[in-house]
Amino acid sequence: MTDLYKKALSFAQTAHTGQKRASGQPYITHLEATAQILAQWHMDDYSVAAGLLHDSIEDGAATNEDLIKEFGPTIAALVDGVTKVGEIRLRGSTEEEFVENLRKMFLAMAQDLRVVIIKLADRLHNMRTLQYLPEHKRARIARETMEVYAPLADRLGMGEVKGELEDLAFPYLYPQDYQWLKDYSAPAYKEAQKHILEAKRKLLAEMAKEKLKPEIAGRAKHIYSLYRKLLRPEINKDISLIHDLVALRVLVDTVEQCYTALGAVHKIYKPVPSLGVSDYIALPKPNGYRSIHTKVFGPDGRIIEVQIRTHAMHEESEYGVAAHFNYAAVKSKSVSGEKLETEAFAAADKLSWVKQLANWQNEVVDNQEFMQGLKFDALSHRIFVLTPNGDVKDLPAGATPIDFAYAVHSEMGDRATGAKVNGKIVPFDYQLKSGDVCEVLLTKEPRKPKIDWLKFVATHLAKQEIQKGLRTPA
Ligand code: MN
């Protein structure tokens, strides 16, 4: 335990003297749990200390001045940021309020990303202890978690955090579906576990021949993610069509070993031709996720999924952007090496996404001078448009609702029959602006795109999809 940690702990204990959580436990348990989560994500010492102190102004007896005096400006600013973000009600009653609040969130995030990560740790512990709150509060908090915090964690590449937040919110939002799915999936999970254990034994033996010493573990699919998948029309609630109920995760040291391990897997279990291999190491997902996924005919001919990645990639897929602070810390201790450079670079890339949003915020408050002062190129030709659910689509300047529709889904483009921006009907050639909320109205039946659209669309994707749609016979 560092001196800073001890000092923050004792400060928090004093600030929250006599306070209890809804569970009846002393308030400090929430603060220690939040700090522990941040430490587990490998956040820096300041963030962990701020985790202990994060409620000391809002709910405790401390002031901002006390924090500056005792802990210095950085930690005080983190706590102040968390307090301010906590005041943002992301469940606004109107769409405008919601978007405005989302912007405030992004702004806080951009000033110091650690503020949002501390807020996520706070929310995670609150969700883990949600059962102690009165019923009317549970539903509101669960909905906000599902609609705002889980997607935010996803955007920051924190896959494990996103999955846990969703799983914790699920039973409060859809209690009946949750109970049904728990009962329905239990036997399938059990059987999948059995197959996975057998596959693990065989793979360890085969990989030993290749001089690999991988870490292999089964990972059960998050239940909310399973729920979403079962609701897809092509799955139609048939759990036998889900091949990654329990996936095998193979962790090795280097990228080369990932491909060697892939070879070893395919030597024992044949890949399923129609499902095959997804190489997210060669082609990472937009949120930076890297791994090789292969679906193979496993024990008893049952299809199983094997995920292969390096330990570093694994760490990043679990903790996402939080890993940046970890790598930055390692780097400052001047540990060199190509691998580290690559990791730090990948993390910095994600941060630039956050910075763009920050600049978008500055743009939408109409601070043109500020924008010109920044000379932020990326934003002069990119815009960020929101779906009605608050998802952000990144488009080139000049993009229209048709570009937006094709960016969401090719079918949404083909079936577009009208568009609303910020709640008002607009023509299809309307030029979208950053911060617009765009809703595309759809025909009931599938249909072909209109040739006229080619005259005004701005994205290559939309052009391509329209031409494709026109070529397909009706
Ligand atoms: Mn809290």
Side-chain angles (χ1 to χ4, degrees), residues 4-5 7-41 43-64 66-67 70-71 74-91 101 104-105 108-109 111-134 136-150 152-153 156 158 161-162 164-169 172 319 322:
L4 174 61
Y5 190 94
K7 190 178 169 189
L9 184 62
S10 111
F11 183 96
Q13 261 156 347
T14 310
H16 295 277
T17 303
Q19 286 179 358
K20 285 200 181 350
R21 293 276 286 175
S23 63
Q25 288 196 299
Y27 202 89
I28 196 77
T29 54
H30 166 62
L31 307 169
E32 285 182 293
T34 305
Q36 203 188 353
I37 290 167
L38 289 162
Q40 193 202 337
W41 293 349
M43 293 298 291
D44 61 310
D45 292 349
Y46 287 170
S47 301
V48 175
L52 286 169
L53 300 167
H54 79 268
D55 283 328
S56 64
I57 295 176
E58 201 181 4
D59 301 315
T63 64
N64 191 30
D66 294 338
L67 286 174
E70 293 295 321
F71 297 98
T74 306
I75 290 179
L78 288 175
V79 174
D80 185 53
V82 175
T83 309
K84 289 208 175 98
V85 171
E87 285 160 5
I88 303 172
R89 283 284 155 258
L90 285 151
R91 284 292 300 166
N101 289 338
K104 284 185 195 156
M105 186 86 172
M109 185 153 104
Q111 281 172 347
D112 193 331
L113 190 58
R114 290 177 293 184
V115 165
V116 176
I117 296 175
I118 296 165
K119 192 65 204 161
L120 280 171
D122 172 44
R123 177 54 60 114
L124 185 56
H125 184 250
N126 284 338
M127 286 304 295
R128 285 177 184 168
T129 53
L130 194 60
Q131 72 267 31
Y132 300 111
L133 286 190
H136 68 281
K137 283 193 181 175
R138 287 184 218 161
R140 178 184 65 76
I141 293 171
R143 185 160 299 285
E144 190 181 73
T145 298
M146 194 68 103
E147 290 179 355
V148 178
Y149 287 94
L152 194 58
L156 296 176
M158 305 172 85
V161 180
K162 170 200 174 240
E164 190 182 346
L165 286 172
E166 286 177 345
D167 281 3
L168 288 165
Y172 297 104
Y319 308 122

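Read the numbers this way: they start at 1 and go in the same order the structure lists the ligands and their atoms.
- In this structure R21 satisfies the side-chain hydrogen bond (donor to acceptor under 3.5 Å, both in side chains) test together with N126, T129, sequence neighbours excluded.
- Residue Y46 qualifies as open at atom OH: its count of foreign heavy atoms under 6.0 Å is 12 or below.
- Separating the CG atom in N64 from the OG atom in S56 is a distance of 9.0 Å, to the nearest 0.5 Å.
- Here M146 contributes atom CE and Y172 contributes atom OH; the two are 12.5 Å apart, rounded to the nearest 0.5 Å.
- For E70, the side-chain contact (heavy atoms from CB on, under 4.5 Å) partners two or more places apart in sequence, or in a different chain, are K7, F11.
- For the Mn ion (ligand 1), the neighbouring protein N/O/S atoms at less than 2.8 Å, given as residue and atom, are H30 NE2, H54 NE2, D55 OD2, D122 OD1.
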Could you give the side-chain donor-acceptor pairs of residues 31-40 under 3.5 Å, partners two or more places apart or in another chain?
| residue | atom | partner | partner atom | Å |
| --- | --- | --- | --- | --- |
| T34 | OG1 | H30 | O | 2.8 |

